[in-house]
Number of protein chains: 2
Amino acid sequence: MFTLAEENYLKAIFHLEMESEGEVSTNAIAESMDTKPSSVTDMVQKLAEKKLLTYKRYKGVQLTAEGKKVAVNVIRKHRLWEVFLVEKLNFQWDEVHEIAEQLEHIQSEELITRLDKFLGSPDFDPHGDPIPDKHGVLKRTEKKLLSELKKNQSGICVSVKESNGEFLQYLNKKKIAIGVKIYVLGKEFFDGSMVIRVGGEQFFISHKIAENLYVQTQK
Amino acid sequence: MFTLAEENYLKAIFHLEMESEGEVSTNAIAESMDTKPSSVTDMVQKLAEKKLLTYKRYKGVQLTAEGKKVAVNVIRKHRLWEVFLVEKLNFQWDEVHEIAEQLEHIQSEELITRLDKFLGSPDFDPHGDPIPDKHGVLKRTEKKLLSELKKNQSGICVSVKESNGEFLQYLNKKKIAIGVKIYVLGKEFFDGSMVIRVGGEQFFISHKIAENLYVQTQK
DNA sequence: TTTTATTTTTAGTCCTGTCTAAATATAAAG
DNA sequence: CTTTATATTTAGACAGGACTAAAAATAAAA
Ligand SMILES: [Mn+2]
Ligand SMILES: [Mn+2]
Ligand SMILES: [Mn+2]
Ligand SMILES: [Mn+2]
């Protein structure tokens, strides 16, 4: 139905729309896709032609209902395949993203229906991100960034914001994983760094780390 | 490493080399890939450039060791995914080919290693075709076409030659599947048609069917 | 409100993979 | 051994996606 490039653009734009309401800028898309702004303009014009988003030059883009539907479906496939890779093939959660980037483009409704059932219709992927159902409905979770916690608060790690390999490997090393409880023992105001406790260990983390980890606070 | 198009060409050429020794012609490749001869010439020149096959104009092509390696690896992936689709996701054997055509291009050594182990390192795919091991070694089976059997001989169905959907659906309808024993009750010389028995049923099949089914004769 | 900096778009090019139409080799007939 | 048919290759074009360099809008400073 849609090309690999089109699906990747729609997915990237969808994620950018989540992070900040309103139109998405050409540069933001270019940066998130590691491409040039001029390439983005080209593609965005094609996608507008196909009614997958609205585009006014110099004003940014916004996905249409149809465009959102396509994007969410790609995200659903990506996350289901990640569950498969971790649950069935015993990959680590930091090893699956690249492979899922390929698998998410396999075209077959029936395949995904059956994969979902095979996996027991999971609600979350290995990084704690919700898996949209077949109608594109995303379960909203009440999570906040670890960096938003104050001293002496705690939360259970539920997902990561950016799941790049190096970051996830850092988390593995520090024994931080989905479901693990994190206590904020101290917090510096001038740089947002924290001292936290995870399991028996306590250590220092930078603001950059804290603003990439989502936690669920217990009520 | 290689593009989707390159992998598909190498795979098609490999299969053509199996069916008849010697060089593979441009037209044969074009027909098997449902493309034009001129397109084949273009691609074949690129593949020769990359040392994946030898090419002398007007003389046809032949895969190099390297080209064969790539082709066999794609075939290995294709067949492993077919096993996954049938064994784990409960697809019918006539529903998996199209999806496997996509999955065979997913790039990840580790993925295939793990998938193979997950499936119990199967030797054959759902159509009875052997699955090459990680070194590209294909188990040779002693199978012959059903059409080669004489009256009163019998054989066990081990694989199909062309696995297009309509043909496989025909087999399903007639209860012909891998492992099923087929008895040749009669054979006409002028058109090669046969009367066969499968399970309790006996019926007529055309030569076209008989030359698309491989059977293993018991010693 | 000019001037400067940043963002975005256009123009022109390139690469992959495909096609049609025309040219050239090879094979088959006569 | 010519003539005809078939197979194969070239030439030229095109669509999808991407890039660089240059132009045009918009935003930020002065
Ligand atoms: Mn991912
Ligand atoms: Mn994920
Ligand atoms: Mn197949
Ligand atoms: Mn098969």
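Below, chain A is the first sequence line, B the second, and so on; all start at residue 1.
- Only B:Ser25, B:Thr26, B:Asn27, B:Pro37, listed by number, bring a heavy atom of residues 23-37 of chain B to less than 4.0 angstrom from any atom of DNA chain D.
- When DNA chain D is scanned 5' to 3' for any atom under 4.0 Å from a heavy atom of chain B, the first and last hits are D:dA7 to D:dT10.
- Looking at which nucleotide of DNA chain D each of A:Lys59 and A:Leu4 is closest to, the 5′-most match is held by A:Leu4.
- Residues A:Val215 and A:Val158 have side chains not in contact (no heavy-atom distance under 4.5 Å, counting atoms from C-beta outward).
- No side-chain donor-acceptor contact under 3.5 Å links A:Asp125 and A:Trp93.
- Considering only heavy atoms from C-beta on, A:Ile106 stays 4.5 Å or farther from A:Lys77 through its side chain.
- The aromatic rings of A:His127 and A:His97 stand perpendicular to each other, their planes meeting at an angle above 60°, with 30° marking the opposite boundary.
- Side-chain contact between B:Met194 and B:Phe204: absent, with no pair of heavy atoms (C-beta onward) separated by less than 4.5 Å.
- Between B:Val96 and B:Val86 the shortest side-chain heavy-atom distance falls below 4.5 Å.
- Looking only at atom types and distance, the side chain of A:His105 has a donor-acceptor partner in the side chain of A:Asn8 under 3.5 Å away.
- For a distance-only test at 3.5 Å, the side chain of B:Ser38 fails to qualify as a donor-acceptor partner of the base of C:dT18.
- Inspection of the B:Asp191 and B:Ser193 side chains reveals an N or O donor paired with an N or O acceptor under 3.5 Å.
- No side-chain heavy atom of B:Lys144 sits under 4.5 Å from any side-chain heavy atom of B:Tyr214.
- Between A:Phe118 and A:Phe84, the ring planes are tilted. Angles from 30° to 60° get that label.
- Residues from residues 41-48 of chain B lying near DNA chain D, meaning a heavy-atom separation below 4.0 Å, are B:Thr41, B:Gln45 in numerical order.
- Under 3.5 Å, the side chain of A:Tyr58 and the base of C:dT9 form no donor-acceptor pair of N or O atoms.
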